[in-house]
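Read through the structure below, which is laid out as structure tokens, and then see the notes.
Note on naming: letters A, B, ... go to the chains in the order of the sequence lines (proteins, then strands), and numbering restarts at 1 for each one.
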Protein chains: 2
Amino acid sequence: MEQNKDKLNSIEKALVTLLAFQENQQTWGVRELGTHLDLNPATVQRILQTLKSFRFIDQDPKTRQYRLGNIFYRFLNTLQSTYPVSKAALPFMKELQSKTQETVHLNVIEDMDRVCVENIESPQNLRASMPIGSRSPLYAGASSKCLLAFSSDEFIESYLSFKKLTPVTENTISNVTRLRTEIAETRVQGFAISMGERTPGLGSLSAPILDHKGVLLASISLAIPEIRFNNSDHLNFCRQELIKATRSCSETRGYHHT
Amino acid sequence: MEQNKDKLNSIEKALVTLLAFQENQQTWGVRELGTHLDLNPATVQRILQTLKSFRFIDQDPKTRQYRLGNIFYRFLNTLQSTYPVSKAALPFMKELQSKTQETVHLNVIEDMDRVCVENIESPQNLRASMPIGSRSPLYAGASSKCLLAFSSDEFIESYLSFKKLTPVTENTISNVTRLRTEIAETRVQGFAISMGERTPGLGSLSAPILDHKGVLLASISLAIPEIRFNNSDHLNFCRQELIKATRSCSETRGYHHT
DNA sequence: AAACAATGTTCCGAATTGTGAAACAATATT
DNA sequence: AATATTGTTTCACAATTCGGAACATTGTTT
């Protein structure tokens, strides 16, 4: 753990500790976490006790292991008030779901991943699911590709130069050259499309919300089961309504179409 | 800010800083936050910069003010994997929504409030909305009263002895004696019912999920628009299905009905 | 049941870091 | 343009944090 004059080391350790609690390892013991973070167990113990006293961390009485505390639900509420695009997009998403009868979700980029920040599920019996908080890499699925395509050139280059493409499904793009082609196409078309790249049997369409400077804010996406995705009338209708919704929403953010 | 040998002061300050970002004040300036927390501006600045470097905090380039970072969506994902009741309840919630065609939501107690941790919306045009993360006091609405009623006696006494009841709507209970009566009734009936206490025009039913020791884990609730709430056949059907769902779910947690 | 291993927790002297007053840089207001 | 307000940086000093070791608790093996 390297020293840096701009950051408080103690707080840094606490944040790194919190970030250890992920979907792939939800619970940690003190010594286990110490090994993982290269910190002395006594140090970890103190950090965990401080986090626990504020309920950022909870301790299972049975196993004595530590896990994330429920207080994090509080921050979700704050986030949805803080970022105007969520609030702005919701009415357009509702109308879109009403017209298409498909699952609609809103995504943003967070730490080089796509993350879902709002969703409205399809009322149909066969429907797609996209929980708030779910993540995927920026090359798997229409939402991700759309977000990547409408990001700044700097971001795209930075992402492509370091990111190793690991396929999510057999349909995922795993070739940088191919991905660059998709990015270029997406920019021209104004939307992204995919079939089975992230979840087998599930297709999606995605289009961006842009601000008054043309900067990407988020993407609205439709998640469509394959059987309905393969109906070209339905797919075209969905595409048109999606473009309409994202354009209208972008205009509320000051974006001007030329 | 009191000294305590068990907690790391620096980390404590960071956590208190994060907790300042709430729905009622989403953005803070450095000096403003310093005044609010009774900390020197230079101290706050360093804390914010550390939090920012991990993206727990974001700075609006235009206003230079600080707000919560998107990374908190990451923790929501972890939470939903961590707590078994969420995963356990989801199939029962889905079936309940299917049968009743009403909005179903799962709630837990967090910091003396009810907080929504899962939801499945009704497919009907007139439907109730209950976003994940939304909160209310433990005396307003069926979910809250259900959670309170099935909490430990210690918790109930502690809550009632210090909490000032401020009405949410004109139908909210604002009298402690009345609330105690409702708690007793709820315990006997095994479910709670309310009409317009939290949101005008919206009724709800709620029943608890209990573990093998009869300890409260969460409550499953149906949110029903008033027009359908007033249909007694529908309401009775909903109640029966709700009780069935929560009992079945409790049994998966080892609860035994006598 | 006893012995051993592993884990969470606490203590205390040494080492390191965090703090706040003041100055500076950037932006907003008059 | 001048002034006020805010975010940011610097540095000497005070305060806190750290880690090794011991202790307490729980789990596993014999």
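- Phosphate proximity of C/dT19 to B/Lys13: present, with a side-chain N or O under 4.0 Å from OP1 or OP2.
- B/Leu79 is listed as a side-chain neighbour of A/Tyr73, based on a closest heavy-atom distance under 4.5 Å.
- Atoms CD and CG, on B/Glu23 and A/Leu76 in that order, are 10.5 Å from each other to the nearest 0.5 Å.
- Comment: B/Arg64 does not engage B/Asp58 in a salt bridge, judged by the lack of any side-chain N to carboxylate O separation of less than 4.0 angstrom.
- Protein atom CG of A/Leu48 is 9 Å distant from nucleotide atom P of C/dG8, rounded to whole Å.
- If you check C/dG18, D/dC18, D/dG20 against the side chain of A/Ala42, the one that comes closest is D/dG20.
- The aromatic rings of B/Tyr159 and B/Tyr139 sit tilted, their planes meeting at an angle between 30° and 60°.
- Taking atom CD1 of A/Ile11 as the reference point, atom P of D/dT16 lies 14 Å away to the nearest angstrom.
- Rounded to the nearest 0.5 angstrom, A/Leu106 CG and A/Ile132 CD1 are separated by 9.5 Å.
- Ionic pairing of B/Arg135 and B/Asp113 is present here: one or more N-O contacts between side-chain nitrogen and carboxylate oxygen are shorter than 4.0 angstrom.
- Rounded to an integer number of Å, the gap from A/Asn9 CG to C/dT16 P is 12 Å.
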Between the protein and nucleotides 4-7 of chain D, list the N/O to N/O atom pairs that are separated by less than 3.5 angstrom.
unit_1: D/dG7; atom_1: OP1; unit_2: B/Val30; atom_2: N; d: 3.0
unit_1: D/dG7; atom_1: OP2; unit_2: B/Val30; atom_2: N; d: 3.0
unit_1: D/dG7; atom_1: OP2; unit_2: B/Arg31; atom_2: N; d: 3.0
unit_1: D/dG7; atom_1: O4'; unit_2: B/Arg64; atom_2: NH1; d: 3.1
unit_1: D/dG7; atom_1: N7; unit_2: B/Arg31; atom_2: NE; d: 3.1
unit_1: D/dG7; atom_1: N7; unit_2: B/Arg31; atom_2: NH2; d: 3.0
unit_1: D/dG7; atom_1: O6; unit_2: B/Arg31; atom_2: NH2; d: 2.6

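- Contact annotation: A/Thr43 reaches the phosphate of D/dG19 (side-chain N/O to OP1 or OP2, under 4.0 Å).
- As the counterpart of D/dT30, C/dA1 is assigned, both hydrogen-bonding distances of the Watson-Crick or G-U wobble pattern falling under 3.5 Å.
- For B/Glu12 and D/dA15, the CD to C1' distance is 15 Å, given to the nearest whole Å.
- In this structure, B/Asn40 atom CG and D/dT10 atom P are separated by 16 Å, rounded to whole Å.
- Distance NZ (A/Lys52) to P (C/dG8): 12 Å, rounded to an integer number of Å.
- Per the geometry, CZ belonging to A/Arg46 stands 14 Å off P belonging to D/dT16, to the nearest Å.
- Electrostatic pairing of A/Lys52 and A/Asp60 does not count as a salt bridge here, judged by no charged N lying under 4.0 Å from a carboxylate O.
- Residue A/Leu8 contributes atom CG, which lies 13 Å from atom C1' of C/dG20 at whole-angstrom precision.
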